[in-house]
Each structure stands twice: as C-alpha cells, then as structure tokens.
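Start at 1 with the first residue, then count along the sequence. Please read all numbers here as calculations on a predicted model, not as lab measurements.
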Amino acid sequence: MPARSTNTRKLHLAVAEKILAELESGLLASDDVLPSESALAARYRVARGTVHRALEHIATTHHRLSRRGARWIMHPTTLAQDVTQLRSFGQWAKAIGHRPGGRTVSSVEGRSTEEEAHALGIGLHRPVLRITRLQSLDGAPVMVKRTTFPQWLIPTIARVPPDASSIMEVVEHVHGPQLAHGEHVISAVLPDTEDARLLGVPRSTPLLRIQRTARTFDGRPFEYSDDRYLSTATSLSIVNSARQPTRS
C-alpha cells in the first residue's frame, strides 16, 4: 500500500512535467485556456484526480496556472528584471535575449512641477520634456513609460523618431553612456484609462509600477520615470548582502 501511494505521487509529478512541456511548446492551451480535466485525463491516460493534482502542483510551484470557475488558465512566464543593475528597458530586453520595441504616444515640453523638480533635483518651473511611450517585448505591449527629462536633454530627445525602440540608444549615440546612479520605488497599481487602452487590458488588471530617478556620471539629472508593467510580463530581482560582522 505505501508503495502504491508513492507511485501515485510520482505519477502526478510526471503528468505535471508533461503539461509544463506542452505549455512551453504552445501545444496545449488555446487562447490561454486549458482543456478540461477530463480531456487532459484522457490525453495522458490517467485518472482525473491525478490530473487535478498535477495542475494544482503547477499552480502552486510554478505559478503558471490559476482556476477560473471550472477551467484552468495559463499565465505567460515572467521575465526577471534585476533592479540592482542600472539600465534602460531596451538594454534589459536585449540582455535577456528579447527584442525591445516602442512608440511615442505623446511628447510635450513644459515647466517642472514640484514633484518633478524634487525628483530631478532641479529648480521649480524649469523647462522639461514629458514623454509617454508604449514599450513592447517581441512585438507584444508590456509597459507604459512616462518620463520627464531635464532641459539639457530636450534637444536630443525631441529628435528621437516616434517608433524608436529605445531612447537610451539615441542618447548614448549622441552623448555616450550616461546612467550612473538610480533610485527605484516599487509598488502595485491599477491602470488608469490611458494605461488600460494602451496595454489592452481591463481597468481591474494589476500593474507593477517602478518609479525611477537617474543621474549621470557627472551628477546631472537624467530622468524621472513612472513605468507601469503588466504584472504577467516581468518580475523583479533584488540581490542583498550583509556586512561581515566584526568581533569586539
């Protein structure tokens, strides 16, 4: 009897591996909805209870599935983003082997607000450029990026083509590498009307918000950005270390 119980546990894990493999290959889910548990049981020639345990294992261990009523829904894999490394969206995307894209939704010159002046370390009502862009990975929209740039960057960024995949590439082409120091504030928000329209999601969809201020190697303000990612598109990786304790 114990041996049979052990074999049953191994069987549902084996079925889970098959399901994961077919999810990755795109053979299993249709519009992100899995076949019924009964259909999966017939597919893998096991009991429905074994399939149910396999699906629950995937949901709790790999976070690739969730229940919606009687059906199972597949979630795309998230791409880890290490915020301890200071780089642009395009640089991050290329570093993990994906194709970044983007288009400018709006570009407006104005005067800095109190929030922008504080974040950038500039005077109140100084000239700034506010840009809203829709960023994509491999052609799929994943993030709405709202960035405020200080006066010294306005001439360069104002000439960036609306369909440029990366503003940073243009800036580095003109001025060389710039980012030297950044501070991040991470939170979860619901999309506003523009976020929902651009990303094509309901207003109830949670977004991962990263607010960043960045400075150059010579201490000049570079940007103040408010990036809103689809939570299914990226996860954040933060590496910490402790000082070696000293003995008295």
Exercise. Determine the minimum heavy-atom distance between P191 and V201, stating which atoms define it.
Key: CG-CG2, 4.5 Å

Quiz prompt | Side-chain heavy-atom pair T104, V160 within 4.5 angstrom cut-off | solution = no

Quiz item: Same cluster or not: are F222 and V128 linked, directly or through other Ile, Leu, Val, Met, Phe, Trp or Tyr residues, by side-chain heavy atoms under 4.5 angstrom apart?
Solution: no

Self-check item: Single-linkage hydrophobic cluster, 4.5 Å side-chain cutoff, L190 and L134 together
Solution: no

Exercise. Evaluate the ring planes of Y229 and F89, with Trp represented by its six-membered ring, and classify them as parallel (under 30°), tilted (30 to 60°) or perpendicular (over 60°).
Key: tilted

Self-check item: ILVMFWY cluster membership beyond V185 - transitive side-chain contacts under 4.5 angstrom
Solution: none

Quiz item: D195 and salt bridge (Lys or Arg N to Asp or Glu O under 4.0 Å): which partner among K145, R203, R146?
Solution: R146

Self-check item: Non-hydrogen atoms of P150 and P221 that approach each other most closely
Solution: CG-O, 3.1 Å

Quiz item: Shared ILVMFWY cluster between I131 and Y224, side chains joined below 4.5 angstrom?
Solution: no

Quiz item: Can you list every pair that meets ring pair (Phe, Tyr, Trp, His ring centres under 6.0 Å) and has a residue in residues 107-157, with sequence neighbours left out?
Solution: W152-H175

Exercise. Take L55 and I19, measure what side chain to side chain contact (heavy atoms under 4.5 Å, CB included) needs, and give me the verdict at the end.
Key: CA-CA 8 Å; L55 295 171; I19 293 174; 3.8 Å; yes

Self-check item: Any side-chain heavy-atom pair of L207 and L199 under 4.5 Å
Solution: yes

Quiz item: Hey, is CZ on R126 packed in by over 12 heavy atoms from elsewhere, all under 6.0 Å?
Solution: no

Quiz item: Going by distance alone, is a donor N or O of one side chain under 3.5 Å from an acceptor N or O of the other, for E169 and H173?
Solution: no

Exercise. State, yes or no, whether a side-chain contact exists between I73 and V33 at a heavy-atom distance under 4.5 Å.
Key: yes

Quiz item: How close do D192 and R228 get, heavy atom to heavy atom, and via which atoms?
Solution: OD2-NH1, 4.2 Å

